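Report on one structure; see the data block that follows.
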Amino acid sequence: QVRLVESGGGSVQAGGSLRLSCVASVDRYSSYCMAWFRQPPGKERERVATISGRGGTSYTDSVLGRFTISRDNAKNTLDLQMNNLKPEDTAPYYCAAVLTPSGACPGDRPYNYDNWGQGTQVTVSS
């Protein structure tokens with residue numbers, strides 16, 4: 001059983017920064033592709049960023065240059081540094097994980113991931 005616990009959400013004004021963290025209770029953490037998703041009100045859940053077990057990263061276009069995903073395989077942690085936040089970034093953010101060969105990431109759709117955290121709310125006001 002994989003347990004993912006997020007923290008670090010909150011409310012900020014546009015242009016501000018937040019850092020989200022996720023702790024994974026798993027063995028062989030480096031064999032998991034990790035990801036951050038978000039689900040804005042009335043919209044489908046969307047991939048924000050992914051990171052493979054070896055540290056390869058991918059971002060959705062709307063956050064490129066503003067968000068940075070990182071992981072510490074020794075501590076089983078996943079972070080998302082969010083800078084220059086915009087009101088359209090408002091959403092609950094979810095940590096997700098999937099076990100794959102060598103920790104490679106299988107894709108950017110929610111169905112590609114079978115372990116989810118409970119979510120942490122990010123609210124950006126204009």
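All of these numbers come straight from a predicted model, not from anything done at the bench. The first residue in the sequence is number 1, and the count goes up from there.
Under the 4.5 Å side-chain heavy-atom criterion for Ile, Leu, Val, Met, Phe, Trp and Tyr, Val48 and Leu85 are members of the same hydrophobic cluster. In the hydrophobic clustering of this structure, Trp36 groups with Val12; members are Ile, Leu, Val, Met, Phe, Trp, Tyr whose side-chain heavy atoms approach within less than 4.5 Å, directly or through other members. Val23 is not connected to Leu99 by any chain of hydrophobic side-chain contacts under 4.5 Å among Ile, Leu, Val, Met, Phe, Trp and Tyr, and they are in different clusters. Linking ILVMFWY side-chain heavy atoms closer than 4.5 Å, directly or via other members, places Val98 and Leu4 in two distinct hydrophobic clusters. Hydrophobic clustering (ILVMFWY, side-chain heavy atoms < 4.5 Å, transitive): Val26 and Leu78 are in one cluster.
Remark: Arg38 fails to qualify as a cation-pi partner of Tyr94 under the 6.0 Å distance and 45° angle criteria applied to the six-membered ring.
Thr120 contributes a side-chain N or O that, together with a main-chain N or O of Gly9, makes up a donor-acceptor pair within less than 3.5 Å. With hydrogens and angles ignored, the 3.5 Å screen pairs no side-chain donor or acceptor of Arg71 with any backbone N or O of Gly55. When atom types are taken as modelled, the side chain of Glu6 and the backbone of Cys95 share a donor-acceptor pair closer than 3.5 angstrom. Using a distance-only test at 3.5 Å, with no hydrogens or angles considered, a donor-acceptor pair links the side chain of Tyr29 to the main chain of Thr77. Without hydrogens or angle criteria, Tyr113 side chain to Gly107 main chain gives a donor-acceptor distance under 3.5 Å.
Closest heavy-atom contact between Ala14 and Pro87: CB-CD, 4.1 Å. In plain terms, the two heavy atoms of Asp114 and Ala97 that are nearest each other are OD1-O, 3.3 Å. Here the shortest heavy-atom pairing between Tyr32 and Asp27 reads CE1-O, 3.6 Å. In terms of heavy-atom proximity, Glu46 sits nearest to Pro40 at OE2-CG, 4.2 Å. Heavy atoms only, all atoms of each residue included: Asn83 and Ser17 are closest at OD1-OG, 3.0 Å.
Here the two rings, on Phe37 and Trp116, have centers that are under 6.0 Å apart.
Under the 3.5 Å distance criterion, with hydrogens and angles disregarded, a donor-acceptor pair is assigned to the side chains of Arg47 and Ser58.
Arg19 has a carboxylate O that lies under 4.0 Å from a charged side-chain N of Asp79, or vice versa, which qualifies the two as a salt bridge.
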